[in-house]
2 protein chains.
Amino acid sequence: MNETSDDNSLITQSETQMRKGMLVYCVLLLLKDGKVYTSEIIRSLRQAQLIVVEGTLYPLLNRLAKDNVLVYEWQESEQGPPRKYYWLTDDGQALLIELRSNYRKLHASINALEKGAHHE
Amino acid sequence: MNETSDDNSLITQSETQMRKGMLVYCVLLLLKDGKVYTSEIIRSLRQAQLIVVEGTLYPLLNRLAKDNVLVYEWQESEQGPPRKYYWLTDDGQALLIELRSNYRKLHASINALEKGAHHE
DNA sequence: TATACTACCATGCTATACAAGGTACTATTA
DNA sequence: TAATAGTACCTTGTATAGCATGGTAGTATA
């Protein structure tokens, strides 16, 4: 709660916020080409600098599966514990299309604001 | 709490999420050219289809002012109640630059995912 | 048997968007 | 003067969801 020394906290916070909203969209993008298991998703997202912690992704996948966006099946691994492979349902495909459209619109809106197009 | 009839709730939810993260950035963009008062900000954001309700923006502006990103002054209006005009501090200008950079990176990452660039 | 690695998961905290309702000032009109 | 409408600001309560932290379990190796 020190308000003088953590002046970069707002930056970090806003960075986090920016990534947050895109998370569902990015997860669906990662799954659009086939079955992927959870740790693999985390690694891919980290490569894209989009997420770091497991505690965010596992509940998210559970929610998406509960809402019939994803399904999964367990699969034995040759080395290590079994893996939970996820893929998109038809509803998931539809949601992906919807989110892609929304992202395009959002990006366009931000571009407009960046160019200072705020006149009544 | 009905889980069968509100099957578009996840879409709405994700749309909301997408806008959420961009809010700080968009507010700073709106203020980058000078003093603006709150209702005006709300109208501009609505035009850009980025936010709808006041209950989101007022607390956000308070937070940003508390964190020395924005300052404000009261100004009489010729018609109606007085208005609270906000503008960016130097810290706010710096944050805007930071957030612009972050947004660029995020957009690039999403573009990469859209093109299916997830290979180890 | 013990250690290391991989993978999955749950709990508690905190931040925050939204819904809903409220206050106060000005102008218009009866 | 009194009532209504319009504008602008603000607060409270609720629910969502990311994150920190810690834990379980299977496999492989020393």
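Values in this document were obtained by computation on a predicted structure and should not be read as measured data.
B/Glu78 comes within 4.0 angstrom of the backbone, heavy atoms only, and of no base.
OP1 or OP2 of C/dC8 sits under 4.0 Å from a side-chain N or O of A/Ser39. Between A/Arg43 and C/dA7 there is a side-chain polar atom (N or O) within less than 4.0 angstrom of OP1 or OP2. Residue A/Arg83 has no polar side-chain atom (N or O) positioned under 4.0 Å from OP1 or OP2 of C/dC9.
Nearest to the side-chain atoms of B/Glu54 among the listed nucleotides D/dT16, C/dG21, C/dC8 stands C/dG21. Side-chain proximity of B/Lys84 to the nucleotides D/dG18, C/dA19, D/dC9 is greatest for D/dC9. The nucleotide whose nearest atom lies closest to any side-chain atom of A/Trp74 is, among D/dA20, C/dC8, D/dC9, C/dC8. Listed nucleotides C/dT16, D/dA20, C/dC8 differ in distance to A/Gln17; the shortest reach to its side chain belongs to C/dT16. In this structure, of D/dC9, C/dA7, C/dA24, it is C/dA24 that holds the atom nearest to the side chain of B/Pro81. Nearest to the side-chain atoms of A/Arg63 among the listed nucleotides C/dA7, D/dA17, D/dT11 stands D/dA17. Residue A/Thr56 has its side chain nearest to D/dC19 when only D/dT11, D/dC19, C/dC9 are considered. Residue B/Thr38 places its side chain closer to D/dC9 than to any other of D/dT16, D/dC9, D/dT11. Distance from the side chain of A/Tyr58 is smallest to C/dC9 among C/dA19, C/dC25, C/dC9.
No option in B/Val71, B/Thr38, B/Val36 other than B/Thr38 meets the side chain to side chain contact (heavy atoms under 4.5 Å, CB included) test with B/Tyr86. Test A/Leu50, A/Leu60, A/Leu88 against A/Val27 for side chain to side chain contact (heavy atoms under 4.5 Å, CB included) and you get one pass: A/Leu60.
Toward the 5' end of DNA chain C, the nearer of the two residues A/Ser77 and B/Leu23, judged by each one's closest nucleotide, is A/Ser77. Where A/Pro59 and A/Pro82 meet DNA chain D, the nucleotide closest to each residue was compared, and A/Pro59 sits on the side nearer the 5' end.
In this structure, the CE atom of B/Met18 is 16 Å from the P atom of C/dA17, given to the nearest Å. A straight line from CG of A/Leu61 to P of D/dA17 spans 14 Å, rounded to a whole angstrom. Note: CD (B/Glu76) to P (C/dA24) measures 17 Å, nearest angstrom. Whole-Å rounding puts the B/Leu60 CG to D/dT11 C1' distance at 16 Å. In this entry the distance linking OH of B/Tyr72 with P of D/dA8 reads 18 Å, nearest Å. Summarising the geometry, the separation between CG on A/Leu50 and P on D/dC19 is reported as 11 Å, rounded to the nearest angstrom. As a whole-Å value, the separation of A/Ile42 CD1 from C/dC5 C1' is 15 Å. As a whole-Å value, the separation of A/Leu57 CG from C/dA7 P is 14 Å.
A distance of 6.5 Å separates CG in A/Leu45 from CG in A/Leu23, rounded to the nearest 0.5 Å.
A salt bridge is absent between B/Glu15 and A/Lys105; no separation between the charged side-chain nitrogens and carboxylate oxygens falls under 4.0 Å.
Side-chain N/O atoms of A/Tyr85 and A/Glu40 include no donor and acceptor closer than 3.5 Å.
Contact record, B/Pro59 with B/Glu54: CD-O, 4.2 Å, taken as the closest heavy-atom pair.
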